[in-house]
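In each ligand, atom 1 is the first atom listed, and ligand 1 is the first ligand listed. All values below come from the heavy atoms of this structure, side chains included, with hydrogens, waters and symmetry mates left out.
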Amino acid sequence: MDLRDRPADTAFRAEVRRFLAANVLGEFAALGGRGGSGDETFGFETRLKWERVLADAGWTCLGWPAEYGGRGASMTEQVIFNEEYSRSLAPGRVSILGEGLLGPTLIHFGTEAQKERFLPPIREGTELWCQGYSEPDAGSDLANVKTTAVRHGDEWVITGQKVWTSLAHQSDWCFVVCRTDPGSKRHRGLSYLLVPMDQPGVEIRPIMQLTRTSEFNEVFFDGARTHGDNVVGEVGDGWKVALATLSFERGVALLGYQLSFVRELDRIIAVAQQNGRSADPVLRQRLARAHAELTIMRYNTLRSLSGVDGPVAPPEASIAKLYWGSWHRRLGELALDVLGPFATVMEAEPYELSQFQRSFLFSRSETIYGGSNQIQRNIIGERVLGLPPEPKGVA
Ligand SMILES: Cc1cc2nc3c(=O)[nH]c(=O)nc-3n(C[C@H](O)[C@H](O)[C@H](O)COP(=O)(O)OP(=O)(O)OC[C@H]3O[C@@H](n4cnc5c(N)ncnc54)[C@H](O)[C@@H]3O)c2cc1C
């Protein structure tokens, strides 16, 4: 694979750079690129405004087909956009779940009416979405979903509990996996519903995280309602749609994280040079190793994306998720070791976590969400190595 930009890519890169240089200014530049994973509450209102700036200039939903308001951008163009975006320290994106997960799902499975209703506000950054999959007894084992939806006249009535719902408190809508076929088991009888969040039957309770912020929530549906037409795919066949959304999740993640990791490692190396810790031979070794592994990650990502113009399918997606989640967790530990004893100290009022501390704490979750390390290993074991499948139905 030739990793150099072709002439068309160079022109595209220049166009992206021009836009970012002319717009990442003032209050947007002041955010310093913050607002990413583990930092989602930072500068939220400003980032929402930024979303509109991006949308007005046609820089949201790049990968969507032009007929739905996207640019029909190739994977290469999306990689270039992400690289330049990260390099410019533009604000952390707000509408990730709508743009990256629900949008592509609707484009593949939605009715024309659903596309017309829901895609434009995602593209314009005026409606935000959250993902209602996990429940207290349905995380890795998603097919165990118990939340129900029952048809009453023109509406679905939803009852049950979701958990770990990222950004629910900032979202207008939720895509919810629920059981519409009473008495059905496992992946049969599930449907994929679009549910408005601002209604009496929805209660959102924030969960305090290690980072002392609350990006995710418990969401209680107690007779919540949505219109009968708000089912994506066939009623009772939501498992297929839910899995498709997960494959988009893994593809998008692959693209998004790479350059922020490069920036983070650069900062850690700079601190190690400043405080003299880079003279420690063991730390030097770990820094070099982190650099080498990050380079391997980049080439692997490019390899798995080459020739792909859609979601990155397992097993490549599982290998990448296992690799970057584990790598980033180790990097968080390395960052604190570079700080030494100061790693345990909060600077001054208002005693916010430093970037290194936040990254160390939040990266613990990265080997859990989007499929835990153990689940990724199971997928790799079964689908790549051909090992016997894990026993099913064992209590
Ligand atoms: C930061 C964060 C954000 C999240 N955001 C969302 C969101 O927006 N929407 C949403 O729906 N969910 C979200 N989640 C939930 C996430 O998808 C689940 O946490 C994840 O699927 C794991 O499920 P669980 O927490 O129920 O753990 P469990 O499934 O109970 O797993 C517990 C442990 O057992 C292991 N395990 C489970 N099954 C197996 C097996 N078959 N073989 C080997 N080991 C196994 C797991 O790897 C894990 O170590 C988020 C989670 C986090 C941490």
Under 3.5 Å side-chain donor-acceptor pair for Lys115 and Tyr68: yes
Can you name the atoms of ligand 1, numbered from 1 with element, that are less than 4.0 Å from a heavy atom of Glu390? 40 (C), 41 (N), 42 (N)
Taking distance alone, with N or O pairs closer than 3.5 Å, would you say Tyr133 contacts ligand 1? yes
So which protein heavy atom does atom 15 (C) of ligand 1 come closest to, and at what separation? Ser134 OG, 3.2 Å
Atom 20 (C) of ligand 1: closest protein heavy atom, distance to 0.1 Å, is Ile368 O, 3.8 Å
Got an N/O contact under 3.5 Å between Ser365 and ligand 1? no
In this structure, atom 28 (P) of ligand 1 is nearest to the protein heavy atom Ser140 OG, 3.7 Å
Does the side chain of Ser359 come under 3.5 Å of the side chain of Glu264 through a donor N or O and an acceptor N or O? yes
Can you report which non-hydrogen protein atom sits closest to atom 6 (C) of ligand 1, along with the distance? Trp164 O, 2.7 Å
Backbone, side chain, both or neither: what part of Ser166 comes under 4.0 angstrom of ligand 1, heavy atoms only? both
Determine, using ring centers only, whether Trp59 and Tyr85 are less than 6.0 Å apart. no
Considering distance alone, does some N or O of Gln209 sit under 3.5 Å from an N or O of ligand 1? no
Is at least one protein non-hydrogen atom found at under 4.0 angstrom from atom 32 (C) of ligand 1? no
Could you walk me through whether Gln114 and Asp229 pass the side chain to side chain donor-acceptor pair (under 3.5 Å) test, one step at a time? CA-CA 8 Å; Gln114 287 170 344; Asp229 292 342; over 6 Å; no
Would you say Thr180's side chain and Ala149's backbone share a donor-acceptor pair under 3.5 angstrom? no
With respect to Leu102, which candidate in Leu97, Thr245, Ile122 satisfies the side chain to side chain contact (heavy atoms under 4.5 Å, CB included) definition? Ile122
Are there over 12 heavy-atom neighbours, none belonging to Arg52, within less than 6.0 Å of that residue's CZ? yes
For the residue pair Trp164 and Ile368, establish whether any side-chain heavy-atom pair is separated by less than 4.5 Å. no
Can you find an N or O of Gln131 that's nearer than 3.5 Å to an N or O of ligand 1? yes
Between Trp239 and Tyr192 (judged by ring centroids, cut-off 6.0 Å), do the two rings come close enough to count as a pair? no
The protein heavy atom nearest to atom 49 (O) of ligand 1 is Gln374 OE1, 3.6 Å
When rounded to the nearest 0.5 Å, the distance separating CG of Leu322 from CG of Asn373 is 5.0 Å
Regarding ligand 1, does Asp141 bring an N or O atom to under 3.5 Å of one of the ligand's N or O atoms? no
Considering only protein heavy atoms, which is closest to atom 26 (O) of ligand 1, and at what distance to one decimal place? Gly139 CA, 3.3 Å
Atoms of ligand 1, numbered as shown, that sit under 4.0 Å from any heavy atom of Asn378: 40 (C), 41 (N), 42 (N), 43 (C)
Any non-hydrogen protein atom below 4.0 Å of atom 13 (C) of ligand 1? yes
Any sub-3.5 Å donor-acceptor pair from Lys162's side-chain atoms to Val177's backbone N or O? yes
re atom 39 (C) of ligand 1, the protein heavy-atom contact at minimum distance is Ile375 CD1, 3.7 Å
For atom 51 (C) of ligand 1, what is the closest protein heavy atom, and at what distance to 0.1 Å? Tyr369 CB, 3.5 Å
Can you check whether a protein heavy atom sits less than 4.0 angstrom from atom 44 (N) of ligand 1? yes
With a 3.5 Å distance limit and no angle check, can you tell me whether Gln161 reaches the backbone of Glu135 through a side-chain donor-acceptor pair? no
With a cut-off of 4.0 Å, which atoms of ligand 1 are near a heavy atom of Ser372? 46 (C), 47 (O)
